[in-house]
K.L.:
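Take this structure, written in C-alpha cells, and hold onto it; I'll ask about it next.
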Amino acid sequence: MMKVLLSLLCFIVLVYGQSTPDLATMTALKNSLTLPKGFGWTEADPCLWKGCKCDTSKRVVRIQLGNSSISGTLPSDIQNLSSLTVFEVMNNKLTGKIPSLSGLSSLQRVNVHDNGFTSIDEDFFTVQFSATNCSLSGEIPDFLGGLTFPSLTTLKLSYNLLKMTALAQVSLQGNGFSGPIPDFSELVSLKSFNVRENQLTGTPCDPRVNTLLSIVEAFGYPVRFAQSWKGNDPCNGWVGITCSGPDITVINFKNMGLTGTISPRFADFASLQLYGKVPEFKPNVVDTSGNTDIGKDGPRPAPGSPGDSGKKASSNAGKVVLRDATDNFNEKNILGRGGFGIVYKGELHDGTKIAVKRMESSIISGKGLDEFKSEIAVLTRVRHRNLVVLHGYCLEGNERLLVYQYMPQGTLSRFIFHWQEEHLEPLKWTRRLIIALDVARGVEYLHTLAHQSFIHRDLKPSNILLGDDMHAKVADFGLVRLAPEGAQSIETKIAGTFGYLAPEYAVTGRVTTKVDVYSFGVILMELLTGRKALDANRSEEDVHLATWFRRMFINKDTFSKAIDRTMKINEETEETIGSINKVAELASHCCAREPQKRPDMSHIVNVLVSLVQQWKPAELDRGSEDINGLDYDQLFSQMVRGELGEDYTQTSLPELDNTFKSDQGR
Ligand SMILES: *[C@@H]1O[C@H](CO)[C@@H](O)[C@H](O)[C@H]1NC(C)=O
Ligand SMILES: *[C@@H]1O[C@H](CO)[C@@H](O)[C@H](O)[C@H]1NC(C)=O
Ligand SMILES: *[C@@H]1O[C@H](CO)[C@@H](O)[C@H](O)[C@H]1NC(C)=O
Ligand SMILES: *[C@@H]1O[C@H](CO)[C@@H](O)[C@H](O)[C@H]1NC(C)=O
C-alpha cells in the first residue's frame, strides 16, 4: 500500500515537475491566435513551443513570434505571465486590443509594431497612472521608467493603427527613448507634447537635410554643424553650404579639421558644381561630364569663410618635393648638423635656395614631435629681420622637414673659429660688433614679443647664421618654449649647450630670459677672443671661456693678450679700443653669476647701438642696410633713449684706452 502511495506521489511530483505554471495562460494564448499551418505548438509543454522560452523554474520568460504570419488576437491573460521579460509579436496580422501588460515587472522588451491592432487596453496606461500616482489628470505618465516596468528598455508600438485621437497631452520627458518621433498628425486634440530629455531624432526632414546629416555622420556630427545647422532649410545660412535657389551648389568644409570618411552621399547633390583639377585615372573611371567648371579654379571664398585658408595655406603653397630639392638628401649638400637633425642645402625649381632641416627619426616621435611642433609654432609666428625665416614645413610619413631661408655665409662659428680651414677672411671688429647687435636685436625681439616671451635657450655661434651682407640672423628655435604668460620662470628639463649654459639654469633648470643673456655674454667673449666657449686645451680651471675671460680681464696686460689677434687691434683707433673695452665689460656683465645682475636684452641692444653708431654709415655698406640691416632712424632714437643701467655703471673693470694699443705694439 505504502509502495503504491509512494509511486503515486512520485508520479504527481513528476507531472508537476514537467508542467509549467504558465500552461493555462499559454493555452489561452494559443487558442486566441491563428497560427499558420505547420507552425507547431503541438507539444504538451509550452516551454518547447517555437518562439517560447522558459527559465529553470519552468516560467515562461520569452515569447518571440515576430514575422510569423500570425493572425488573431492577444488574450488579456498574458498579464499572468509574471516572469515574462521579452514579448515580441511584431510584423504579424494581429488585430483587436493590445492587452494590459501591467504587473509584468520583469518585462524588458515589448515589440508589437506592424500589426493591425485597433486599440490598446485602457489598463495598459491606467494601471501605470495609479502606479505613478498621477491621478486621473489624463497625462501619460512616466510609465516606462517608473515603478511598473523597472527593467523595461525598449517599447515599440509604432505602425499599429493605434488610435488615441483624444490624446491632448503627452509628457514623455526624461526617458531613454531613442529613434524617430512617430507621426502624430492624426492626434487632432493634442495640445501639449513634451519629449524633452530623451534621445529622439526629430520629425522627418527635408531630403537635402537627411543627406547632409548622413554626410556629417561620417565625420561624427561635429558640434560646429550642430550649432549652425538649424531648421529644415540648408540654404538658410548653414555653415559650409551655398545654394542657388533651393539647390545646393557648393559644400565647403575646408579647414574645419574634420576627420572620418567622405560619404558617398555627396553624390546625392546633383546640383553641386565641381571645380578644380581631377587626378588622372584610366579612361572611363571618372565621369565629370556636365560640370562646366571642372579643371578651372573655384571661386575665391570670401575672406574669413572656411575656405579662406589665408596664411596657413601660403606656408604650404611652396610645397615642393624636397627630396629632389636636396638631391635626395645628398651628403654633399649637408650644411650642418644641429641638435635635432641634419641641415641640407636645397634648391627649388625656380632657383630659390633653401635650407632643409631633416629631423632624425629616433627623436621625432613623442617628445621629439612636440619639440618639432613647438619649433614650427614659434617660427611661423615670429618674423624679424634678425631671425631666420621659416618658409614651410613637411610632415609626411616619418619625414619631419623644416624649410628655412638659406643663409649663404653659414654659421658665425665658421668665421670666428674655422676661418683658416674654410679659407675665410677673419672678421674685423666693426663687423663683429654689428653681428653682436644683430643677434641682440633678434633675441630682444623674442624676449619682448607682445603678451608672450620666448626664450631661445640654445644661443651659440653655430645657431647664428650670416647672409651675403654679413648680417646675422638667429636660428634654431627647436628648443624654444613658450613662456607661460606672467610666469617669471619655467622649470623644465635642461636643453642647451655646455659652455653657454647659465649656472642657475644648469643647476636648477630655471629658465628666464636671463639664460639667453648669459649665453649672449659668452658669444661676446668668443667674438672678442676668437676662443670657443669650451676649450680642452686651456688649463682645467679655465676650460670654460667665461671663467678664463674673467681671469684674463683682471688686468690690462692679460686682457690685451686675450683679444683675438686676427683683429689686429694694434692698428685700430682709439674709438675701436674703447668699444672693445665696452663690449668686454658688457660680456662680463651678461655672464654675472646671479641672473638678476645681468642686463636685459634691450639694455644690451642700447649699448651696442651706441657703439655701432661710432662708425660712419659709409663703413657699414649702407646699400644693404635698408632691407636687412640697421634702420638708422630707429637706431638713433634708441640711442637717444638708451642709458646705461645703474648696475652696469657700477661694474668696475680695467680701462684699456691707449695703453692697450702700446701693449699690442710691443
Ligand atoms: C489569470 O489570472 C487571473 C487573475 O488571477 C485569473 O482570473 C485568470 O483565470 C488567469 N488566467 C489563466 C488563463 O489562468
Ligand atoms: C522580419 O522580416 C523583416 C523583413 O521581412 C526582416 O528585416 C527582419 O529582420 C525580420 N525579423 C525577424 C525577427 O525575423
Ligand atoms: C499618491 O497620492 C496620494 C494622494 O495624493 C498621496 O497621499 C500619496 O502619498 C501618493 N503616493 C506616492 C507614492 O506619491
Ligand atoms: C688643442 O691644441 C692642439 C695643438 O695646438 C690642436 O691641435 C687642437 O686642435 C686643440 N684642440 C682644441 C679643442 O682646440
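Counting convention: from 1, in listed order, for ligands and their atoms alike. Along the sequence shown, the residues carry numbers beginning at 1. Computed from a predicted structure; not experimentally measured.
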K.L.:
Could you tell me whether atom 11 (N) of ligand 1 has at least one protein heavy atom nearer than 4.0 Å?
P.N.:
yes

K.L.:
Taking it one step at a time, do R208 and D233 satisfy salt bridge (Lys or Arg N to Asp or Glu O under 4.0 Å)?
P.N.:
CA-CA 8 Å; R208 295 168 304 167; D233 182 7; 3.2 Å; yes

K.L.:
In the protein, what heavy atom is nearest to atom 8 (C) of ligand 1, and what distance, to one decimal place, separates them?
P.N.:
N80 ND2, 3.7 Å

K.L.:
Would atom 4 (C) of ligand 1 count as contacted, meaning some protein heavy atom under 4.0 Å?
P.N.:
no

K.L.:
Look only at the side chain of N92 and the backbone of S69, and say whether a donor-acceptor pair between them is shorter than 3.5 Å.
P.N.:
yes

K.L.:
Scan the protein's non-hydrogen atoms and note whether one is under 4.0 Å from atom 14 (O) of ligand 1.
P.N.:
yes

K.L.:
Suppose I only count heavy atoms of A24 and a 4.0 Å limit; which atoms of ligand 1 are within that range?
P.N.:
13 (C), 14 (O)

K.L.:
Where do K58 and D45 land on the salt bridge (Lys or Arg N to Asp or Glu O under 4.0 Å) test, with the steps shown first?
P.N.:
CA-CA 10 Å; K58 289 276 178 187; D45 181 3; 3.1 Å; yes

K.L.:
Hey, what do you get for C47 versus C54: SG atoms under 2.5 Å apart or not?
P.N.:
yes

K.L.:
Is the backbone of L29 close enough, under 3.5 Å, to the side chain of N31 for a donor and an acceptor to pair up by distance?
P.N.:
no

